[in-house]
Amino acid sequence: MGFFVGLLFGLVAGLAIVVLFVRSENSRSNLRTKLATTVAAFARMTVEDSRKILPAEFYPSWVVFSQRQKLTWLNQHLTKIWPYVDEAASDLIKASVEPVLEQYRPVILSSLKFSKFTLGTVAPQFTGVSILEDGADSVIMELEMQWDANSNIVLAIKTYLGVSLPVQVKDIGFTGVFRLIFKPLVNEFPCFGAVCYSLRKKKKLDFTLKVIGGDISTIPGLADAIESTIRDAIEDSIMWPVRKIIPILPGDYSDLELKPVGMLEVKLIQARDLTNKDIIGKSDPYAVLFVRPLPDRTKKSKIINNDLNPIWNEHYEFIIEDATTQHLVVRIYDDEGVQASEFIGCAQVLLSELEPGKVKDVWLNLVKDLEIQRDSKYRGQVHLELLYCPFGMENSFTNPFSSDFSMTSLERVLKNGANGTDDIENEKAVTHKKREIIIRGVLSVTVISAEDLPIVDLMGKADPYVVLTMKKSELKNKTRVVNDSLNPVWNQTFDFVVEDGLHDMLILEVWDHDTFGKDLAGRILGDESGLHGKVHFDIDKGYIGRGIQRLPAARGS
C-alpha cells in the first residue's frame with residue numbers, strides 16, 4: 001500500500017514540476033518578446049522623442065545629443081583618394097610645420113627637422129559635420145575627425161654635443177573638430193572668395209616617441225622636451241583662433257587673418273579648501289593661468305607654502321583674439337620642489353559670459369577634468385575678478401585694474417577735499433560715500449612686538465600670543481606663543497581678504513597662554529578705513545594710532 005501511495009505522490013510531483021517548467025519558459029519567452037519590442041521601439045526613437053520622455057536635467061553630464069550629420073559617403077571617397085592626398089600633402093605639411101618646430105626647439109637641441117614625413121595608408125574618418133550660423137557673408141562648417149594613423153614620421157635631432165638621433169613619431173591617435181570658414185560669399189563661382197581652416201577643438205592627441213636603434217630614455221628629459229615642442233607647435237600653428245587662409249578668388253583677405261580684439265584683465269585673489277596632496281604638512285599651492293596654452297602666454301603665480309587657503313592677490317593680462325569662443329583656464333598645483341608638481345584641480349571661465357567693461361567676481365569650483373566632468377569630488381574653489389576690455393572701447397569706460405584707478409572713490413574724495421573751504425561739504429560727501437562704496441582687497445597685518453604687558457601669572461611673567469579677527473567675515477589668525485615674557489617679539493605677517501573694507505573691523509586681542517586656560521590681557525579694535533602703513537598701539541598713553549579705537553579694559557601695547 002505504501003508503494004502505491006509513494007508512486008502516486010511521485011507522479012503528481014513530476015507533473016507539477018513539468019507544468020511549472022512549461023509556464024516558466026512561456027513567461028520567459030513573453031518577456032523576451034516584450035524586451036525585443038521595447039528595444040526595437042527605442043531604436044526607432046529620435047532625439048526629440050528622447051527629450052519628450054526624459055527632460056534634459058535628468059541626463060548625466062556625459063550624455064550629449066549631437067547635432068552632427070554622419071559622413072559615411074565622404075569617408076568612403078577619402079579612403080579611395082588617400083594615397084594621392086598623402087603624396088600631395090606630406091611635403092606641404094612638412095614645409096609649413098618645420099619653421100614652427102624650430103621656433104619652439106628645446107634649448108638642449110641644436111637642430112630639429114623632419115628627415116621623413118608620410119601620412120601613412122590609413123585615412124582619417126570624419127564622424128560628423130555641422131553648419132554654424134554666423135551672419136550672411138560666410139558659411140562655417142565643422143567636421144569632427146578621428147584618426148588612428150600608421151604614419152611614418154622621423155625627426156632628425158642634433159644636440160650641441162654633436163650627437164645625432166633619429167626619433168620616430170609613431171602610434172598617433174587623434175580626435176578633434178576642424179572648422180572651415182567660407183568667406184566672403186560672392187556672386188562669382190564657386191561663390192566664396194577664400195577658405196579658412198583651423199583645428200577648433202583638440203579632444204585627444206596621443207603619440208609615442210622612439211629612437212631608431214636605441215632608447216630615448218638614455219637622455220634624461222629629451223622625450224618630454226620633444227613632446228612639449230610638438231604640442232606647442234600644433235597649438236601655435238593650427239589651433240583655433242589661429243587659422244590658415246587659402247584664397248580661391250583674387251582679392252584682399254587681410255580681414256580674415258588672426259588679430260587681437262581685446263584684453264582680458266584677471267585678478268587672482270585666493271583659493272580655499274584645497275585638497276591636501278602632502279602626507280606631512282599641507283600643500284604648497286600655486287596657480288597657472290592661460291587663454292592659449294603657449295609658453296609665452298601662460299602666467300604662473302607665486303608659491304604659497306603650507307597653506308590650503310592661499311591668498312595671491314596677483315594681476316595678469318591676456319590678449320584675446322576671439323571673445324566668442326576663447327576661455328580662461330586656471331590650474332592649481334602643489335609644488336613638490338625638484339619633483340614634478342602635483343595637480344590639485346582646474347576651472348575655466350568662458351569669455352562669452354563676460355560683459356565688456358564690467359568687472360565679474362566669481363568663485364569657481366575646481367574639477368579634475370574640464371572635458372569629462374564625471375568626478376564629483378570636492379577639490380576646493382578659486383576666487384577671480386575678471387574684466388574684458390575690447391580694443392576701441394578704452395575711452396568708453398574706466399578700467400578699475402589700471403594704475404590710474406588705483407585709488408578708491410572715497411580716497412579720491414578725501415584727496416580733493418584736503419584743501420580750501422570745501423571741507424564741510426566734502427565731509428558730507430565722505431559720509432555719503434562711506435554708505436555706498438565697498439572697498440575690497442587684501443589686508444596685510446604684521447604683528448611685530450609688544451612691550452610692558454601686564455603680569456598675569458603667579459610667577460611674575462606671561463606667555464602671550466595675539467589673536468587677529470575680522471569682525472564681519474569672522475576670519476581668525478593667531479601668532480605663536482612666546483613663553484615667559486612681558487616684551488614678546490613675534491614678527492609674523494597675516495593676510496586677510498577683505499570684502500568690505502569700510503564696514504569691517506580688525507580686532508587684535510593679546511592673550512596669556514596657560515595650561516588650564518587663558519587670560520585676556522587686552523583688546524584693540526581697528527576700523528580698516530584708517531589703516532595705512534605702520535600703526536603703533538600705545539594704550540598707556542591713550543593714543544593707539546589712526547583709525548584705531550581703544551577699549552578701556554586694554555593695557556600694554
Query - Over all atoms of both residues, closest heavy-atom pair of C389 and E265 - result: SG-CG, 4.4 Å

Query - Nearest-0.5 Å distance, CG of residue L364 to SG of residue C346 - result: 10.5 Å

Query - Nearest-0.5 Å distance that lies between atom CZ in F318 and atom CG in L328 - result: 5.5 Å

Query raised in the report: Who are the side chain to side chain donor-acceptor pair (under 3.5 Å) partners of Q492, not counting sequence neighbours?
Result: R480

Query raised in the report: Among side-chain atoms of S352 and T324, is any donor-acceptor pair under 3.5 angstrom?
Result: no

Requested in this report: Apply side chain to side chain donor-acceptor pair (under 3.5 Å) to R179 and list each qualifying residue two or more places apart in sequence or on a separate chain.
Outcome: E142

**Report entry** Over all atoms of both residues, closest heavy-atom pair of G357 and L387
**Finding:** C-CD1, 3.4 Å

Query - Heavy-atom donor-acceptor pair, S485 side chain to N487 backbone, under 3.5 Å - result: yes

**Report entry** Result of checking K203, K201, R200 against E144 for salt bridge (charged side-chain N to carboxylate O under 4.0 Å, His left out)
**Finding:** K203

Report task. Can you tell me which residue pairs pass the salt bridge (charged side-chain N to carboxylate O under 4.0 Å, His left out) test with a partner in residues 294-313, sequence neighbours excluded? Result -> R297-E321

**Report entry** Partner set under salt bridge (charged side-chain N to carboxylate O under 4.0 Å, His left out) for R272, not counting sequence neighbours
**Finding:** none

Query - Donor-acceptor under 3.5 Å (N365 side chain, Q381 main chain) - result: no

Requested in this report: Answer yes or no: are there more than 12 heavy-atom neighbours, outside K277 itself, under 6.0 Å from its atom NZ?
Outcome: yes

Requested in this report: Rounded to the nearest 0.5 Å, what's the gap from CG on L101 to CG on L155? Could you check?
Outcome: 7.0 Å

Report task. For the residue pair H513 and Y465, categorise the inter-ring angle as parallel (less than 30°), tilted (30 to 60°) or perpendicular (more than 60°). Result -> perpendicular

Query - Partner set under side chain to side chain donor-acceptor pair (under 3.5 Å) for W240, not counting sequence neighbours - result: D322, T325

Report task. Mark yes or no for whether D232, through its side chain, and R105, through its backbone, hold a donor-acceptor pair below 3.5 Å. Result -> no

Report summary line: Rounded to the nearest 0.5 Å, the CD1 atom of I269 sits from the CD atom of E385 at a distance of 4.0 Å

Query - Sequence neighbours excluded, every pair satisfying ring pair (Phe, Tyr, Trp, His ring centres under 6.0 Å) that has a member inside residues 282-312 - result: Y286-Y333

Query - Worked verdict on I172 versus D206 for side-chain contact (heavy atoms from CB on, under 4.5 Å) - result: CA-CA 6 Å; I172 298 177; D206 297 325; over 6 Å; no

Requested in this report: Quick one: list whatever passes side chain to side chain contact (heavy atoms under 4.5 Å, CB included) with D273, sequence neighbours left out.
Outcome: N309, Y378

Query raised in the report: Closest heavy-atom contact between L264 and L351?
Result: CD2-CD1, 4.2 Å

Query raised in the report: Got a sec, which residues hit salt bridge (charged side-chain N to carboxylate O under 4.0 Å, His left out) with E235, two or more places apart in sequence or on another chain?
Result: K202

Query raised in the report: So, the side chain of T229 versus the backbone of A225: is there a donor-acceptor pair under 3.5 Å, distance only?
Result: yes

Report task. Kindly write out the residues that satisfy salt bridge (charged side-chain N to carboxylate O under 4.0 Å, His left out) with E227, not counting sequence neighbours, or none if the list is empty. Result -> R231

Query raised in the report: Who pairs with L475 by side chain to side chain contact (heavy atoms under 4.5 Å, CB included), at least two apart in sequence or on another chain?
Result: M470, S473, F496

Requested in this report: Any chance you could measure S111, atom OG, to I157, atom CD1, to the nearest 0.5 Å?
Outcome: 9.0 Å

Query - D463 (side chain) donor-acceptor with D484 (main chain) under 3.5 angstrom - result: yes

Report task. Would you sort out whether V261 and Y388 count as a side-chain contact (heavy atoms from CB on, under 4.5 Å), showing the intermediate values? Result -> CA-CA 10 Å; V261 296; Y388 174 57; 3.7 Å; yes

Query raised in the report: Should L209 and V169 count as side-chain neighbours, where that means a heavy-atom distance under 4.5 Å?
Result: yes

**Report entry** Side-chain donor or acceptor of T479 paired with backbone N/O of V466 under 3.5 Å
**Finding:** yes

**Report entry** Closest approach of A287 to V330 (non-hydrogen atoms, all atoms of both residues)
**Finding:** CB-CG1, 4.5 Å

Query - Exercise: identify the closest heavy-atom pair between A462 and L486 - result: N-CD2, 3.8 Å

Requested in this report: Side-chain contact test, heavy atoms from C-beta onward, threshold under 4.5 Å: evaluate it for K267 versus L384 and give yes or no.
Outcome: no

Query raised in the report: Distance only, no hydrogens: is a donor on one side chain within 3.5 Å (strictly under) of an acceptor on the other, for S283 and D278?
Result: no

**Report entry** D335 side-chain N/O to P285 backbone N/O, donor-acceptor pair under 3.5 Å
**Finding:** no

Report task. Mind running side-chain contact (heavy atoms from CB on, under 4.5 Å) on L112 and Y104 for me, showing each step along the way? Result -> CA-CA 10 Å; L112 179 60; Y104 289 99; over 6 Å; no

**Report entry** Distance, nearest 0.5 Å, that separates NE2 of H327 from CZ of R292
**Finding:** 12.0 Å

Query raised in the report: Which heavy atom in D284 sits nearest to a heavy atom in D334, and how many Å separate them?
Result: N-OD1, 2.7 Å

Query raised in the report: Can you name the salt bridge (charged side-chain N to carboxylate O under 4.0 Å, His left out) partners of R331, sequence neighbours left out?
Result: none

Query - Contacts of S237 that satisfy side chain to side chain donor-acceptor pair (under 3.5 Å) - sequence neighbours left out - result: none

